[in-house]
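Chain letters run A, B, ... following the sequence lines, proteins first, then strands; residues in each count from 1.
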2 protein chains.
Amino acid sequence: MDSRDLRIDQARTSIEFLGSDAHEYLPHLAVDCVVFGVHEGDLRILLTHWTKRDRWSLPGGFVRNDESVDETASRVLRMRTGLDDVFLEQFHTFGSLDRGHPGADRFVSVGYYALVDFSMATPTPDGILTDECRWWNLCGRPDLLFDHDEMVARALGTLRLQLGTRPIGLTLFPDDFTLPELQRLYETVLGRSLDRRNFQKKMRELGILTRVGEKSTENSRRAPYLYRFDAEKYAEALERGDSLAY
Amino acid sequence: MDSRDLRIDQARTSIEFLGSDAHEYLPHLAVDCVVFGVHEGDLRILLTHWTKRDRWSLPGGFVRNDESVDETASRVLRMRTGLDDVFLEQFHTFGSLDRGHPGADRFVSVGYYALVDFSMATPTPDGILTDECRWWNLCGRPDLLFDHDEMVARALGTLRLQLGTRPIGLTLFPDDFTLPELQRLYETVLGRSLDRRNFQKKMRELGILTRVGEKSTENSRRAPYLYRFDAEKYAEALERGDSLAY
DNA sequence: TCAAAAGTGTTTTGGTTACACCCATGT
DNA sequence: ACATGGGTGTAACCAAAACACTTTTGA
């Protein structure tokens with residue numbers, strides 16, 4: 001798809017364009033994505049800003065006739081971040097009667113959550129309905145449009161439940177990181193503080209980390225070590241069914 | 001709703017009737033239910049038999065304009081079993097491109113699973129597309145139409161995960177039962193055998209069971225005790241977050 | 001009297017939790 | 001020197017797993 005086609009495709013994802021191209025999409029059905037990333041130790045999510053309403057929402061899109069719902073989610077993610085082949089999983093479908101734009105048709109939304117490499121994503125608004133797309137710190141995000149606050153809460157709940165069975169650490173920390181950084185992620189997802197000693201012991205014992213070197217001191221007093229996930233051992237651990245949950 | 005209206009409503013749930021009353025339903029969207037019950041110690045599911053195809057499928061229905069997707073699931077369950085107010089929860093949405101009746105429109109299905117009192121349900125076919133609706137032993141059920149085998153597998157996986165956090169025992173065993181019966185349920189859901197001593201100890205220690213009396217020996221050598229769930233204590237245990245998983 | 005199913009308690013073990021001290025560095 | 005954040009090991013505790021014997025009753 002060249003950039004012009006991409007542009008058109010992006011436009012078609014916006015609700016105003018459903019009227020003219022309605023036959024290309026399944027009516028009343030949408031997909032919304034909760035995209036997680038980590039930067040400076042904080043868990044962040046991707047939001048899009050609606051020009052007219054001056055409010056924020058999750059990135060979303062409509063389901064084309066010729067694609068599966070999973071593919072819709074991939075497409076939405078690709079259009080908003082440029083990323084492909086990332087962790088992306090359905091977590092819940094929202095079907096209340098009052099869903100949809102006020103005065104417009106009622107919509108059912110399939111919610112997906114994604115785990116992406118923050119540094120690889122290039123947030124891109126559709127340029128039609130939304131004029132900005134950017135990362136927000138999960139704690140500190142604005143109130144969202146529609147029922148998207150509930151979606152975020154539920155995505156986070158799913159993430160919490162699956163912390164032990166999905167490659168969450170590996171996906172959100174593809175590069176070097178320090179154990180305090182990783183611990184902050186776990187604490188954010190779990191919503192409670194963890195004991196530093198126990199956390200480090202457990203992570204070390206899992207045997208999925210490689211110590212890379214010392215971190216050149218940036219903001220801390222003593223320089224923490226840098227680690228990297230060993231992708232193979234990580235996969236083996238998941239395969240074995242080892243719980244990576246804290 | 002009187003019985004004539006119910007009849008009409010049932011008919012409208014069938015795909016052949018979507019043509020004439022299409023404006024009353026969301027197109028391309030359906031709900032399918034995996035209804036679990038227990039009888040004679042076995043875990044069973046409710047299936048409907050398609051007259052023309054001579055095959056079995058999960059009970060399902062379409063989403064009306066004036067109801068939420070959750071309400072669709074309740075309605076489907078009510079029409080097929082006569083039951084209301086039962087445990088009913090969404091577990092996954094199926095959106096592959098190849099879903100739907102061959103040659104007909106493509107459909108996206110929201111899957112729900114229900115836990116019902118076997119003895120209270122009166123299985124009822126819609127009488128239009130399906131001429132029979134009955135319980136099947138989970139192990140021993142026929143191959144199902146569409147992707148419904150995958151749905152059952154996934155519903156079972158969800159049940160397994162949620163065994164410790166939902167009122168599964170209480171809902172599936174509303175009346176008296178024996179601990180070996182309860183253990184068989186756990187073993188079926190978990191797909192592995194459990195230690196009798198540990199199982200009984202754990203269940204007793206949870207403090208949610210009341211011993212009712214001795215079972216008049218039916219098929220066993222020594223008569224097992226009869227128990228009943230204490231609904232209040234069960235609810236309290238779930239509230240506290242006690243794990244009821246084995 | 002023997003085979004089959006049911007009831008019960010103890011020991012072991014492994015994982016989680018709690019907890020205290022020393023190290024490095026910037027102020 | 002001291003305040004701040006980082007690294008490490010040990011003891012206590014609890015829940016799960018392993019395990020053996022006795023009781024009942026139909027054949």
Scan for salt bridge (charged side-chain N to carboxylate O under 4.0 Å, His left out) pairs involving residues 161-180 of chain B, sequence neighbours excluded, and state none if there are none.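 Every pair satisfying salt bridge (charged side-chain N to carboxylate O under 4.0 Å, His left out) with a residue in residues 161-180 of chain B: B:E89-B:R166, B:D176-B:R228.
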What is the distance, to the nearest angstrom, from the [atom1] atom on [X] to the [atom2] atom on [N]?
X: B:Q200; N: C:dT10; atom1: CD; atom2: P; value: 16 Å
X: B:L179; N: C:dA5; atom1: CG; atom2: P; value: 17 Å
X: B:K215; N: D:dG26; atom1: NZ; atom2: C1'; value: 16 Å
X: A:F199; N: C:dT16; atom1: CZ; atom2: P; value: 13 Å
X: A:R211; N: D:dT8; atom1: CZ; atom2: C1'; value: 10 Å
X: A:E205; N: D:dT8; atom1: CD; atom2: C1'; value: 12 Å
X: B:L226; N: C:dA6; atom1: CG; atom2: C1'; value: 13 Å
X: A:Y225; N: C:dC23; atom1: OH; atom2: C1'; value: 10 Å

Given A:T93 and B:T93, is the side-chain hydrogen bond (donor to acceptor under 3.5 Å, both in side chains) satisfied, shown in steps? CA-CA 7 Å; A:T93 294; B:T93 294; 2.4 Å; yes
For nucleotides 15-24 of chain D, 5' to 3', base contacts (B), sugar-phosphate-only contacts (S) and non-contacts (-) with protein non-hydrogen atoms under 4.0 Å give -SBBBB--BB
[X]: partners by side-chain hydrogen bond (donor to acceptor under 3.5 Å, both in side chains), with sequence neighbours left out:
X: B:N137; result: B:D42
X: A:E40; result: none
X: B:R197; result: B:D195

Can you list every side chain to side chain donor-acceptor pair (under 3.5 Å) pair that touches residues 232-241 of chain B, not counting sequence neighbours?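 Of all non-adjacent pairs touching residues 232-241 of chain B, those that pass side chain to side chain donor-acceptor pair (under 3.5 Å) are B:R240-B:D242.
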